Structures are given as C-alpha cells and as structure tokens.
Chemist: 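Just passing along the structure, written as structure tokens.
Just so we're clear, the structure is a prediction, and the values are computed from it rather than from any experiment.
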Amino acid sequence: MPDSQLAQTVAALQPRARTELAELVAFKSVADFAQFPKSESERAAHWIADALRAEGFEDVALLDTPDGTQSVYGHLPGPAGAPTVLLYAHYDVQPPLDEDAWISPPFELTERDGRWYGRGAADCKGGMIMHLTALRALKEHGGVPVNIKVIAEGSEEQGTGGLERYAEAHPELLAADAIVIGDSGNFRAGLPTVTATLRGMTMVHVQVDTLEGNLHSGQFGGAAPDALAALIRILDSLRAEDGSTTVHGLAADATWDGLQYSDADFRKDAKVLDGVELIGTGTVADRLWARPAVTVLGIDCPPVVGATPSVHASARALVSLRVPPGIDAVDATKLLAAHLEGAAPWGARVGVKQVGQGQPFRADTTSPAYASMAAALREAYDGKEMQTSGLGGSIPLCNTLAGLYPEAEILLIGLSEPEAQIHAVNESVSPDELERLSLAEALFLQRLAERG
C-alpha cells in the first residue's frame, strides 16, 4: 500500500470493515420474498440506515420503491460550493443456491485462504462497506471534501426496477455531479479497472401448452404432443451449433476493441471442465462484452425423483437475454418473444411474459472524473495504471441515472473480480481489494474536490 497517512488510516479501519461486513452478510436479504422472509431485507436496510446516521448523514430514509422493496438514502453535507457525489451499492443478494455446496455457511462471513467468504461479500454488501470506509478515512483527515449522497438498493439482483421507477418519480433526489457505482470489479485481482460498458438484460417467462392435462405415456405417448419436449426444442433454437446466441433479427457479430480476455484465463476463471469447449465465436471479450447472450435460468418440470410416466400438458421456463450496448433492450425483448413463439413445434401454444428488463450502458471514459479516478487508482495500486473493461452483467440503474442526469460523470468500480465467484456458491471478497478500493475512492473524492 502507498506510504501515506490516508492509506494507513484505511488499513487501520479494516478490522471494523470485516466486523461490519460480517453483520451485513448475516442478513438473508434475498429480495425474492417467496424464498426468503421480507424481514431479512428490512433488517439489512435498517442496518445501513443506522450506519449512515452514525456517520452524520442527514435526511436518512428508507424509500418504499414500487416493486415492494426498500432502498436506503442519506445525504452528508460537504463544504459550500463543493461537488456532489452519489455513492451506490445494493444490499440485496442472490440466493445461496445449494447451501450444502458451500464450504462454510453462506450467511456467515468466514475467513479462509486469505479471503472472506459469504453471500454478498463482494456483490454488493462489500461495496457498501467500501463506501463507509472511504468516508471514515476522509473524516479523520480533514473531513469529507465533497457533498455525499448514498443510495443502497434493495432489489438490484431481481431486476424488478423499483429504484429506477422511484428515481424517475423523484428526479431531484439522486442528482449529482459524479456518480460512483460500487457494483462492478477489477478485471483481475490487483489490476485496477473501471467498467466502460454494461450489457442490458431482459427476462421472460415462456409457457408452453399442448394438452388439457397430463396423459399416460404408454397409452398416449408417440402421438400426443408433449409440452416439455416442445419447450426443449424452442429453447434449443436459441443457440447455433457452436453455442452462439441466435435470436432472429438480433445482431450478434459486434467486436470488442479494448482489454482482451484470453481463452486460457477465461477457462480458469469460469472453471470449465477439461475437454469441454467454450461456446460461441470471436474473442472471449467479444462474446462477454459486445454480443448478446441467452441463458435458460430455470425450467418448471417434474424432478427425476418422483416422476411419473406421463406426457406433459404444460411446461415453463425462465429465459434471460443479455443485451450489449448499441441494442435497445425493448427491441431485443420483442425479437426474443417473436423468436420463442415462432419456434414452437406441432402448433404448441406459447405464451411469453416479460418479467424484467434493463438497458445496456456505456460510460464516457473521456470525462474529467475518469482522470481523477485513474490517478487515485494508480496511487492505491502502487503505480499500476487503470484499465478499462466491459462487464457482461447488468446494472439497470446506470441508464436511468444517465438519462436523468446527463451532465453527471458515472464511474463503475467494485469488488467483483473473477476469484470472487459472485452469484455462485462460495462467493468471497479479497480483503486487499476492499482496502485498496476504499483508499482509491477516498483519494478520488479528494481529487474531485480539488478539481471543483
């Protein structure tokens, strides 16, 4: 770490950061209230609100957003005439998936092999702790030199758009000169990276119906149209033989000109099994950051255990489509729905219902704030130069903020480097990354204030 008083203060704050991250991780704040109690999310929201109040934030509020969740807001006044910076994170998390596959309990922060394991440790409860640590360090060195707004979203992982709709209805609330989205990550641990592009996303439910009810497969199988078989054919039509996404009318040949991702590094990061090929064509960066990608997230069908010999009358799937910059997510949704309906075999009835959508995003990396961030990251990472990459995931709020505040400079940093394994079992965060990025954010705020 750099030999500076600010760096030393950030380092001294790390035990507190670990304690508080453990407290936040303990809340099972999955914003799918059919799976997890809403009270868990509410407790996490109250924890953040209390933390903001303890740091002197004013106007702290739990905002009831249209999707039935809560976002936490607070304002920390700075010197008169100073810029205003909005710091974003989200406290909701993905479900832990197979809890038996976790080496340690998913909602219990556990240190192992130099990393801290727990659901949300990197995505994105660690981002909230990063913001708090940066602000606390600045308060010990003359005070926070800018006006700060914090917004912690409660449903980012669900893609239900609650905070986006709330911001559109209250456009003055999140107005800022610069916005730091703490929900991305370095391309590689130890390599300072800002994210230049985000793919958007659309999610749809696909319902296939062929019969009035299930039938005995011995008596009717061979002539009766099976809805599950029809659904499988429809889903298979979304990919070419090489695995490339093929939605009729949707361009899938764009290229990425920036930081590249080698096949070998990707195979290692994704833990691809020996002998299994990567899918798609072009460079890995093309496939991840510049092209659409379809994923079947789930299928409703009988499990193997307890299955009966039946021809199925109905079947259902949840399909996600990642949409790169340059393609409108609304148009992509229409193309996806038309493709799914048109691919139905045997005249099967297909219904498509959109359940989530977010537009892709492209940052202006030529803005002055990026120069300030580059200098801050360089100091925090011992002279390493800032890199610029894409991100295959989606943060729908980014486009909403860009539309509401076209003059604001939007920067994306965070703790979700490949080893973090976000959304998977055994998610973790690197304490070194948390320390360096907390310092970088503090340095960035100082430089922004100096710039005015």
Side-chain angles (χ1 to χ4, degrees), residues 18-44 47 69 90-129 154-160 183 185 189 203 205 228 231-232 235 266-276 279 295-308 315-320 355-356 392-393 415-431 433-434:
R18 188 194 186 285
T19 297
E20 292 188 335
L21 183 57
E23 293 173 2
L24 259 183
V25 165
F27 299 119
K28 300 177 181 179
S29 51
V30 178
D32 181 351
F33 304 135
Q35 296 188 68
F36 288 83
K38 187 176 183 179
S39 60
E40 289 290 305
S41 290
E42 291 172 339
R43 290 171 64 207
W47 188 99
T69 65
H90 64 84
Y91 68 85
D92 70 304
V93 298
Q94 286 285 339
L97 304 175
D98 182 3
E99 294 199 33
D100 292 336
W102 285 73
I103 297 174
S104 51
F107 296 105
E108 182 180 313
L109 195 70
T110 304
E111 187 166 356
R112 187 170 63 253
D113 301 324
R115 297 182 68 90
W116 299 342
Y117 287 80
R119 175 57 90 223
D123 183 25
C124 177
K125 292 176 176 179
M128 189 68 228
I129 300 301
S155 57
E156 190 275 342
E157 298 291 7
Q158 296 300 311
T160 46
D183 191 25
M203 285 195 298
H205 276 142
L228 181 55
L231 176 63
I232 290 169
L235 298 178
F266 180 81
R267 292 185 67 90
K268 179 181 177 182
D269 293 338
K271 296 180 171 57
V272 180
L273 299 178
D274 289 344
V276 178
I279 63 173
T295 305
V296 178
L297 302 181
I299 299 177
D300 283 341
C301 61
V304 172
V305 176
T308 62
R316 191 169 63 155
L318 179 63
V319 177
S320 164
V355 294
L415 301 165
S416 299
E417 39 78 28
E419 292 180 67
Q421 293 285 191
I422 64 169
H423 293 203
V425 298
N426 299 313
E427 177 184 346
S428 67
V429 70
S430 162
E433 292 286 89
L434 177 57

Chemist: Which heavy atom of G114 sits nearest to which heavy atom of P431, and what is that distance?
Modeler: O-CD, 3.2 Å
Chemist: Main chain of C124, side chain of D183: is a donor-acceptor contact present, judged purely on distance under 3.5 Å?
Modeler: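 No; judged by distance alone, with no hydrogens or angles, the pair does not exist.
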Chemist: Nearest 0.5 angstrom please: H90 NE2 to Q158 CD, how far?
Modeler: 11.0 Å
Chemist: Does S430 reach the main-chain N or O of E433 with its side chain, forming a donor-acceptor pair under 3.5 Å?
Modeler: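 Pair found, side chain donor or acceptor close to backbone of E433.
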Chemist: Any side-chain to backbone donor/acceptor pair from S29 onto Y91? Under 3.5 Å, distance only.
Modeler: yes
Chemist: Within this structure, what is the NZ-CZ distance for the pair K28 and F36, rounded to the nearest 0.5 Å?
Modeler: 7.0 Å
Chemist: For a side-chain contact (heavy atoms from CB on, under 4.5 Å) check, start with the C-alpha distance between L109 and K125, then their side-chain angles and the critical distance, and finish with the verdict.
Modeler: CA-CA 11 Å; L109 195 70; K125 292 176 176 179; over 6 Å; no
Chemist: Exactly one of L318, L231, I232, L235 should register a side chain to side chain contact (heavy atoms under 4.5 Å, CB included) with V296. Which one does?
Modeler: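 One option only clears the test, and that one is L235.
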Chemist: For R316 and H205, indicate whether the former's side chain and the latter's backbone hold a donor-acceptor pair under 3.5 Å.
Modeler: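 Answer holds: no.
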Chemist: Rounded at 0.5 Å granularity, tell me how far CG in D274 sits from CZ in R267.
Modeler: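 If we round to the nearest 0.5 Å, D274:CG and R267:CZ are 7.0 Å apart.
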Chemist: Please report the interatomic distance OG(S155) to CG(D32), rounded to the nearest 0.5 Å.
Modeler: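 Answer for the OG-CG pair, S155 versus D32, is 11.5 Å.
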Chemist: Got a second to check how far T110's OG1 is from I103's CD1, nearest 0.5 Å?
Modeler: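 T110 atom OG1 to I103 atom CD1 measures 10.0 Å (nearest 0.5 Å).
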Chemist: Between W116 and R18 (side chain of the first, backbone of the second, donor and acceptor by atom type, cut-off under 3.5 Å), is there such a pair?
Modeler: no
Chemist: Evaluate the criterion side-chain contact (heavy atoms from CB on, under 4.5 Å) for residue pair I129 and L24; output intermediate values, then yes/no.
Modeler: CA-CA 9 Å; I129 300 301; L24 259 183; 4.1 Å; yes
Chemist: Against D123, only a single residue in Q94, Q421, H423 fulfils side chain to side chain donor-acceptor pair (under 3.5 Å); can you say which?
Modeler: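 Looking at Q94, Q421, H423, the match for D123 under the side chain to side chain donor-acceptor pair (under 3.5 Å) is H423.
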Chemist: Indicate yes or no for a side-chain donor-acceptor contact from R119 to the backbone of V425 under 3.5 Å, with no hydrogens or angles considered.
Modeler: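 No: the side chain of R119 does not pair with the backbone of V425.
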Chemist: Rounded to the nearest 0.5 Å, how far does CZ of F27 lie from CZ of R43?
Modeler: 5.0 Å
